[in-house]
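Predicted, not measured: the structure shown is a model, and the values here were computed from it.
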2 protein chains.
Amino acid sequence: MVDRKIDDQTIEKMEELLNVASDFTRLKIMHALLQGEKNVGELIEEVGASQSLVSHQLQVLRKNRLVSVRKDGTRAYYILNDEHINKLFEVVYEHVKEKEETGE
Amino acid sequence: MVDRKIDDQTIEKMEELLNVASDFTRLKIMHALLQGEKNVGELIEEVGASQSLVSHQLQVLRKNRLVSVRKDGTRAYYILNDEHINKLFEVVYEHVKEKEETGE
DNA sequence: GACATATATGAATGTCTGTTCATATAATAG
DNA sequence: CTATTATATGAACAGACATTCATATATGTC
């Protein structure tokens, strides 16, 4: 349990992570990457967004160190950097699914 | 593990929850409420924001059903509606703390 | 070299929203 | 009823940011 005091700086960092996570396109990218390494082309296809948009959002994920890149020839392969993303997905997913059952 | 397919509607709902969670003031409010029921005055004090701001953000939390209100006289007592918020806090907090240790 | 493919990046724009200020509502006290 | 306290709400504004369009960079191929 997160008990008692949390200083504002920590809350700010939590806010940053949540901000990065709270975008449709980035959620789809991260979800795709839960399955493992993917290159940009595969992500574009799976996410169903434009090349530019996917690339921009990958930049956001990179800057926030949620993903890493590995270049191979002209391809760029991305992976999730963080096991916490799995847990974050789980928690949020469970919340949504539970709300569907009860209140809608 | 959240495996394979998640439809866009579910991702949208996840986005909504994360959007609500990804705000400094609301995070402080939710953190305060992790300790239990609080009235608005107490929240204003603990969060250190203006009366108007706290009230507005409580409205956001209410509309998204993350909190419930109980009125008693002129006071309004708020509680967290959802055990998932605990887990969400934990996961995000752990992520931030781990990043502090390693990369900064 | 020229050309094609894969990815990244910059600028521009429109939308969304966090915050403040002012005001309203509701309950209690005198 | 008036005054005061606790909370809510509306309007307005400024800043952030998701998306698109156009263009740049880099690698591989011929």
Task: Test ring-ring contact (aromatic ring centres under 6.0 Å, His included) applied to B/H56 - qualifying residues, sequence neighbours left out - done: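 With sequence neighbours excluded, B/H56 shows a ring-ring contact (aromatic ring centres under 6.0 Å, His included) to no residue whatsoever.
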For [X] and [N], what is the distance between atoms [atom1] and [atom2] respectively, to the nearest whole Å?
X	N	atom1	atom2	result
A/K38	C/dA6	NZ	P	17 Å
A/L27	D/dT19	CG	C1'	16 Å
A/I29	C/dA8	CD1	P	11 Å
A/Q57	D/dA18	CD	P	6 Å
B/N19	C/dT17	CG	P	7 Å
B/K71	C/dA27	NZ	P	8 Å
A/N64	D/dA16	CG	C1'	14 Å
A/Y77	C/dA6	OH	C1'	11 Å

Nearest to side-chain heavy atoms of [X], which nucleotide of [options]:
X	options	value
A/D23	D/dA18, D/dA6, D/dT9	D/dA18
A/A76	C/dA6, C/dT7, D/dT20	C/dT7
A/T74	D/dT7, C/dT7, D/dT27	D/dT27
B/R26	C/dG18, D/dT20, D/dT9	C/dG18
B/H56	C/dA8, D/dT9, D/dT27	D/dT9

Open item on the list: Quiz question: by atom type and distance under 3.5 Å, do the side chains of B/Q9 and B/K13 form a donor-acceptor pair?
Closed with: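 No.
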Open item on the list: Whether B/R62 contacts D/dT7 is assessed here as follows: a side-chain N or O lying under 4.0 Å from the phosphate OP1 or OP2. Is that the case?
Closed with: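 False: B/R62 side-chain N/O out of range (4.0 Å or more) of D/dT7 OP1/OP2.
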Task: Distance below 4.0 Å between A/R75 side-chain N/O and C/dA8 OP1 or OP2 - done: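 Answer no for this pair, as no side-chain N or O of A/R75 is under 4.0 Å from OP1 or OP2.
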Is there a donor N/O on one and an acceptor N/O on the other, under 3.5 Å, for the side chain of [X] and the base of [N]?
X	N	value
A/T25	D/dT19	no
A/S52	C/dT9	yes
B/Q51	D/dA8	yes

Open item on the list: Under 4.0 Å, heavy atoms only, any strand: does A/Y78 hit a base, just the sugar-phosphate, or nothing?
Closed with: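 Sugar-phosphate: the residue A/Y78, judged by heavy atoms under 4.0 Å, touches backbone atoms but no base.
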Task: Ion pair B/E100/B/K97, N-O distance below 4.0 Å - done: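 Looking at B/K97 together with B/E100, the answer is yes, because their closest N to O distance falls below 4.0 Å.
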Open item on the list: Quick test of your reading of the model: are A/D8 and B/K28 salt-bridged, counting only N-O distances below 4.0 Å?
Closed with: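 Between B/K28 and A/D8 there is a salt bridge, with a charged N closer than 4.0 Å to a carboxylate O.
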Task: Single hit among B/K38, B/E37, B/R62 for side-chain hydrogen bond (donor to acceptor under 3.5 Å, both in side chains) with B/Y78 - done: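 So the option named by the test is B/R62.
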